[in-house]
Amino acid sequence: MSGLKVKDIFIDPNDFKPRDLAVPFSFPRDQERWMVRFTPEDFKTFWFQEQTAIQFVPCSEQGPNRNIRNQSGDTLLPFYITVPGNKGRPKTYDWSFRFQCRRHGSPRTLAINRPSIGTGCPVEIRLKKPVGMDAVLVDYRWQHNHDLSAKTLSNMPMGANERNWIKLKVAEGNDWKGIRALLRMDDDSMTEVLFL
């Protein structure tokens with residue numbers, strides 16, 4: 001089967017590169033909703049690129065996969081084996097996960113001079129793996145109601161990807177000075193950012 005792991009759904013801090021320029025996955029944006037079927041390898045590429053650029057937050061679904069993100073990143077995602085003679089409705093999906101844009105919450109008035117994280121953004125993505133198929137179905141409502149520019153994002157507090165990466169670096173024994181050195185851009189990176 002697919003061999004997808006927990007770290008293919010939830011970014012592993014070891015795989016996150018805060019200095020890399022994150023660009024959303026390229027797909028046709030002529031419709032409000034994008035539905036597609038990926039092979040497991042293509043899905044990994046799509047999802048890593050998209051969740052690094054957009055910073056999705058997982059939504060609880062109260063199903064059997066609700067605690068899976070607490071497991072090791074190398075844990076294989078579950079798959080269902082059909083047993084002849086079972087009664088009841090057959091299972092449709094091995095697993096399903098739903099994510100929303102980080103800014104999905106309601107706007108709030110803040111005491112500090114910064115816009116609220118919440119804008120009521122309607123962006124949502126559902127990832128499902130059908131039983132017996134080596135594919136991942138993606139249902140993506142992708143139209144944000146807020147600006148996605150680097151300037152706007154730079155005024156926002158750190159997202160989960162950055163916080164988890166920093167926690168990992170602290171656990172490795174780095175202090176704040178060492179972490180800042182890891183984030184400092186070299187001349188080639190600065191040139192790339194300046195000419196976008």
Which atom of M133 lies closest to which atom of R37, heavy atoms considered: CE-NH1, 2.9 Å

How close do R102 and M158 get, heavy atom to heavy atom, and via which atoms? NH2-O, 3.3 Å

C101/H146 under side-chain contact (heavy atoms from CB on, under 4.5 Å): CA gap, chis, key distance, verdict: CA-CA 11 Å; C101 175; H146 55 87; 3.4 Å; yes

Just verifying a value: how many Å separate [X] [atom1] and [Y] [atom2], rounded to the nearest 0.5 Å?
X: D134; Y: K129; atom1: CG; atom2: NZ; value: 6.5 Å
X: F48; Y: D8; atom1: CZ; atom2: CG; value: 10.5 Å
X: I54; Y: Q100; atom1: CD1; atom2: CD; value: 14.0 Å

All N/O donor-acceptor pairs, side-chain side in residues 165-173, below 3.5 Å, sequence neighbours left out:
from: K169; atom 1: NZ; to: E172; atom 2: OE1; distance (Å): 3.3

Checking side-chain contact (heavy atoms from CB on, under 4.5 Å) for the pair W95/V136: CA distance, chi angles, key distance, verdict? CA-CA 10 Å; W95 48 260; V136 177; 4.0 Å; yes

Suppose we screen for ring-ring contact (aromatic ring centres under 6.0 Å, His included). Which residues come up paired with F10, at least two apart in sequence or across chains? F97, F99

Within the distance-only criterion (no hydrogens, no angle test), does the side chain of [X] pair as donor or acceptor with the backbone N or O of [Y] below 3.5 angstrom?
X: E50; Y: W47; value: no
X: R103; Y: I117; value: yes
X: R33; Y: D139; value: no

Going by the rule salt bridge (Lys or Arg N to Asp or Glu O under 4.0 Å), which residues pair with D74 if we only count those two or more places apart in sequence or in a different chain? K7

Heavy-atom check, side chain of [X] versus side chain of [Y], under 4.5 Å:
X: T52; Y: I11; value: yes
X: R141; Y: Q143; value: no
X: C121; Y: N145; value: yes

Under the side-chain contact (heavy atoms from CB on, under 4.5 Å) criterion, do F43 and I9 qualify, and how do the steps go? CA-CA 10 Å; F43 168 74; I9 303 295; 3.8 Å; yes

Do [X] and [Y] belong together in a cluster built from hydrophobic side chains that touch within less than 4.5 Å?
X: F46; Y: L137; value: no
X: V123; Y: L148; value: yes
X: V6; Y: Y93; value: no

ring-ring contact (aromatic ring centres under 6.0 Å, His included) with Y140: of F25, F38, F27, only one passes, and it is F27

